[in-house]
Colleague: 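Let me give you the structure first, and then I'll get to my questions.
One-based numbering, in listed order, for ligands and for the atoms of each. Note that the structure is predicted; figures quoted are calculated from it, not measured.
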Amino acid sequence: MFPNTRGFLWSDLETRALLDIWGEADVQSALDGNFRNSHVYRDVACRLADLGFDRTPEQCRIRIKGLKRQYFQARDGLKKNGHVRKICKYYDEMDRILSCRPVPAAAEQPDESLLEDGDDDGNGSGGVAGGGVESSQENFTEDSGECSSYAERAIKVECPPFAIPVPPGEGFKQLAPPSSAPSPLQRKRPKKRHTNLTLDAMMEKFLQQSMDAEQKFYKYEEQRLKIEDKRREAEHARELQMLQMLGQMLAGISSAVSQRSHSRACSPPRRANRQSFGETINYNPVDRALSPPIGISSFIQRSFSFRSAHTVKDMENIFRLVRNVIPPLTAKKHKGQDGRIGVIGGCQEYTGAPYFAAISALKVGADLSHVFCTKDAAAAIKSYSPELIVHPVLDIPNAVNEVEKWLPRLHTVVLGPGLGRDEVILEHAKGIIERTRAKGIPIVIDADGLWLIAQHPSIIQGYQGAILTPNLMEFSRLYEAVLRDPMDSNDHHGCVLRLSQALGNLTIVQKGERDLISDGQKVLVCSHEGSNRRCGGQGDLLSGSLGVLAHWAFLAGSEKTNGLNPFLVAAFGACSLTRQCNSQAFQKYGRSMTTKDMITEIGTAFNKLFET
Ligand SMILES: NC(=O)C1=CN([C@@H]2O[C@H](COP(=O)(O)OP(=O)(O)OC[C@H]3O[C@@H](n4cnc5c(N)ncnc54)[C@H](OP(=O)(O)O)[C@@H]3O)[C@@H](O)[C@H]2O)[C@@H](O)CC1
Ligand SMILES: Nc1ncnc2c1ncn2[C@@H]1O[C@H](COP(=O)(O)OP(=O)(O)OP(=O)(O)O)[C@@H](O)[C@H]1O
């Protein structure tokens with residue numbers, strides 16, 4: 001579904017993400033102003049990691065360097081004979097970034113200044129300021145710090161005024177342009193060797209050498225990553241072993257108090273809830289017999305089902321998979337790494353819904369939560385919580401561009417809570433979905449966002465980074481719009497499967513008495529015990545929580561979810577969490593329970609489900 005970022009080759013998506021970050025104004029100005037730039041690439045790597053791509057600062061630096069080299073070769077090639085543009089796939093992106101950079105006044109030949117510096121940022125400031133070939137050479141040595149790959153050494157040749165990477169020992173001497181005074185280095189080494197070569201032949205040779213060097217580098221990098229993967233696998237296996245041991249211990253403890261647990265399971269309020277679920281609860285007597293009387297296993301058995309043929313082991317597995325994707329809290333992380341969520345919604349009528357979604361995201365564990373709403377909703381939303389970052393942009397004419405500026409900093413977008421049905425706002429929401437999709441950012445669509453999708457299914461069709469969370473009403477609207485048939489209310493499983501398939505296997509969560517979650521291949525059923533209290537805003541709590549869990553699951557990848565679609569696991573986690581909050585709050589407040597009470601329970605519910 002999404003590219004694995006640990007491979008030794010840079011995927012297209014990864015490269016574009018890198019270029020987006022590298023092209024950001026603050027990165028460019030940091031590179032402009034600094035002779036040494038390793039800290040800048042550390043930041044670039046961190047931002048890339050935030051987007052789910054695992055690269056070292058050195059890998060980023062080398063990748064940018066390679067791209068710059070291709071860009072300048074392509075650009076100069078274009079000027080001269082127009083046939084080498086194909087060597088730079090990202091020509092337009094590079095051109096947009098590099099052509100905006102200020103050209104220092106001293107630069108007679110901006111092309112050279114940009115290329116000859118040999119520095120890591122491509123700004124050429126040091127080289128140009130120093131003037132001439134020698135200073136650029138100094139810059140290269142100085143800026144590289146520790147020895148960089150030989151494949152990246154930049155040199156100048158007399159004829160083409162651009163640097164081409166060559167291995168040491170085969171390097172060409174540097175020659176100043178005809179108008180410059182020869183450097184001492186050039187005086188020592190008379191012109192020879194390649195003066196007879198044509199420009200094309202030289203370029204071909206240089207390109208070949210550069211490609212060979214690059215291949216070697218990637219080969220070594222691949223070997224290194226393979227070793228690293230093996231180490232991670234071993235670590236993972238050890239963790240699993242520990243978990244199994246822990247499970248056995250808990251089962252042992254639980255059998256000692258089985259009688260007590262049985263009577264608790266049959267206590268009146270719970271029985272009442274089960275009766276309300278009717279025959280749809282999937283209690284399999286065989287599983288019941290297999291499950292330990294209390295403890296995690298029986299708790300899970302009461303909570304989840306995996307179509308009708310689920311087993312206790314299946315349920316334990318799903319539960320474990322949710323735990324698997326939850327990132328550990330460590331001292332090594334900085335603010336933002338555990339999730340930056342953007343909620344698109346909030347208008348004059350509905351200020352509660354985006355607040356519920358955004359605050360739930362924070363309480364589940366996101367580090368930062370943004371709300372993009374209309375101007376007249378912003379003050380109210382801010383007043384509910386100082387913890388939210390509120391952008392009053394949804395009703396301004398360039399709303400889409402304003403939100404897009406933030407997209408590279410967001411891990412997941414949750415679109416729809418309290419959005420309203422104003423046509424202009426919905427048009428903006430449409431643009432935001434398109435830009436989010438183009439950037440490959442996971443998006444949870446709920447409430448009025450689903451109304452929009454029912455009008456224009458094509459905007460989300462085929463985007464597997466999308467998770468739709470319709471209630472029954474929203475589901476039937478969507479089903480009819482996409483499949484041009486009324487939904488069959490006797491076959492919810494089939495309908496969820498079919499809708500997901502018709503939309504290109506994106507994840508659908510049909511909320512209700514039981515939540516049905518499907519990616520068009522599997523249907524998971526979450527019937528975790530909640531309550532019969534149905535106050536507004538519970539769906540918003542679900543969409544905000546899902547925003548965070550979707551990011552974590554996406555980052556963890558399918559190796560942490562045992563091959564199961566990570567979004568299915570995330571949705572399962574969010575549904576069970578919402579229902580657990582409902583159950584806890586209902587036990588405290590009964591009929592007067594509201595969504596705010598459920599939000600207060602998020603911390604303890606999360607601990608109970610996922611951290612005990
Ligand atoms: N505090 C706030 O700011 C909150 C704001 N919110 C925001 O309000 C906006 C509108 O959302 P919405 O869901 O209320 O409107 P809409 O889609 O027109 O549905 C109403 C129709 O659907 C039906 N219906 C509803 N649920 C059903 C179900 N499960 N199963 C079956 N039917 C069901 C219902 O039927 P009726 O009861 O009339 O028979 C009615 O006809 C949206 O932006 C949302 O985020 C909410 O988040 C709450 C908290
Ligand atoms: N009948 C029910 N029994 C138990 N839980 C339910 C029931 N109906 C919904 N839920 C749970 O409540 C949560 C929210 O679903 P709901 O259908 O209320 O969403 P919604 O209508 O979109 O909410 P909102 O009011 O935020 O728009 C889901 O997690 C779902 O599991």
Side-chain angles (χ1 to χ4, degrees), residues 269-270 272-278 280-281 303-305 343-360 371 373-374 377 380-381 384 394 414-422 425-426 429 444-455 467-479 487 489 492 508-517 524-546 549 570-583 585-586 593-596 598-599 601-602 605 609:
R270 290 191 176 176
N273 284 330
R274 280 185 201 161
Q275 278 164 355
S276 78
F277 294 157
T280 49
I281 285 267
S303 310
F304 309 116
S305 49
V343 175
I344 316 288
C347 59
Q348 194 178 28
E349 295 90 338
Y350 307 125
T351 55
Y355 162 77
F356 290 147
I359 200 76
S360 300
V371 176
C373 58
T374 61
I381 297 171
Y384 303 150
L394 271 192
V414 178
L415 185 140
L419 191 65
R421 305 249 171 102
D422 179 278
I425 307 285
L426 287 179
V444 177
I445 303 186
D446 187 31
D448 298 316
L450 295 168
W451 166 268
L452 174 66
I453 298 296
Q455 318 302 311
I467 308 176
L468 311 187
T469 56
N471 62 28
L472 266 184
M473 175 71 179
E474 291 156 345
F475 183 88
S476 68
R477 195 187 290 139
L478 208 53
Y479 190 91
M487 70 169 277
S489 51
H492 285 282
I508 311 268
V509 181
Q510 188 201 75
K511 298 175 292 191
E513 198 175 318
R514 301 178 313 152
D515 298 321
L516 303 185
I517 306 158
L524 302 189
V525 184
C526 177
S527 44
H528 187 74
E529 196 168 321
S531 83
N532 291 339
R533 171 79 171 123
R534 298 270 70 79
C535 53
Q538 299 183 26
D540 307 319
L541 192 163
L542 173 67
S543 61
S545 315
L546 182 50
L549 281 158
F572 205 88
C575 288
S576 51
L577 179 67
T578 307
R579 297 167 82 105
Q580 177 68 24
C581 291
N582 183 305
S583 163
F586 186 71
M593 176 201 101
T594 63
T595 299
K596 267 173 79 179
M598 285 173 59
I599 288 170
E601 297 297 322
I602 289 179
L609 291 182

Colleague: Heavy-atom contact check, 4.0 Å cutoff: does G512 meet ligand 2?
Modeller: yes

Colleague: Do C575 and V509 have side chains that approach each other closer than 4.5 Å (heavy atoms only, starting at C-beta)?
Modeller: yes

Colleague: May I ask you to list the atoms of ligand 2 that are less than 4.0 angstrom from any heavy atom of T578?
Modeller: 29 (O)

Colleague: Would you check, one step at a time, whether the test side-chain contact (heavy atoms from CB on, under 4.5 Å) holds for M487 with H492?
Modeller: CA-CA 8 Å; M487 70 169 277; H492 285 282; 3.4 Å; yes

Colleague: So if I apply the side-chain contact (heavy atoms from CB on, under 4.5 Å) rule between H528 and each of D515, T578, L577, L609, which one comes out positive?
Modeller: L609

Colleague: Could you go through the side-chain contact (heavy atoms from CB on, under 4.5 Å) check for V444 and L415 one step at a time?
Modeller: CA-CA 6 Å; V444 177; L415 185 140; over 6 Å; no

Colleague: Using a 4.0 Å cut-off to any heavy atom of G536, which atoms of ligand 2 qualify?
Modeller: 25 (O)

Colleague: I'd like to check E529 versus Q580 (side-chain heavy atoms, cut-off strictly below 4.5 Å). Are they in contact?
Modeller: no

Colleague: Taking non-hydrogen atoms only, is Q538 closer than 4.0 angstrom to ligand 2 via side chain, backbone, both or neither?
Modeller: both

Colleague: For the residue pair L419 and I425, establish whether any side-chain heavy-atom pair is separated by less than 4.5 Å.
Modeller: yes

Colleague: Just jot down the ligand 2 atoms closer than 4.0 angstrom to any heavy atom of N471, in number order.
Modeller: 17 (O), 20 (P), 21 (O), 22 (O)

Colleague: For ligand 2, which is the ligand I care about here, please tell me if K511 has any N or O atom under 3.5 Å from one of the ligand's N or O atoms.
Modeller: yes

Colleague: Among C535, G537, G539, which residue places a heavy atom closest to atom 25 (O) of ligand 2?
Modeller: G537

Colleague: Could you tell me whether the side chain of S531 reaches within less than 4.5 Å of the side chain of S583, counting heavy atoms only?
Modeller: no

Colleague: Find all atoms of ligand 2 within a distance of less than 4.0 Å from any non-hydrogen atom belonging to R579, and give their numbers and elements.
Modeller: 4 (C), 5 (N), 30 (C), 31 (O)

Colleague: Within a distance under 4.0 Å of any heavy atom of D540, pick out the atoms of ligand 2 and give their elements.
Modeller: 26 (O)

Colleague: Could you pull out every N or O of ligand 1 that sits under 3.5 Å from a protein N or O, with the distance for each pair?
Modeller:
residue, atom, partner, partner atom, Å
ligand 1, 3 (O), G352, N, 3.2
ligand 1, 3 (O), A353, N, 3.1
ligand 1, 17 (O), R421, NH2, 3.1
ligand 1, 18 (O), R421, NH2, 3.4
ligand 1, 26 (N), N471, ND2, 3.4
ligand 1, 43 (O), G418, N, 3.1
ligand 1, 43 (O), D448, OD2, 2.3
ligand 1, 45 (O), G418, N, 2.9
ligand 1, 47 (O), D540, OD1, 3.3
ligand 1, 47 (O), D540, OD2, 2.8

Colleague: Without placing hydrogens or testing angles, list every side-chain donor-acceptor pair under 3.5 Å for residues 468-476, not counting sequence neighbours.
Modeller:
residue, atom, partner, partner atom, Å
T469, OG1, I445, O, 3.3
T469, OG1, D446, OD1, 3.1
N471, OD1, M473, N, 3.1
N471, OD1, E474, N, 2.9
E474, OE1, N471, N, 2.8
S476, OG, M473, O, 3.1

Colleague: Could you check if a side-chain atom of R533 sits within less than 4.5 angstrom of a side-chain atom of M598, using non-hydrogen atoms only?
Modeller: no

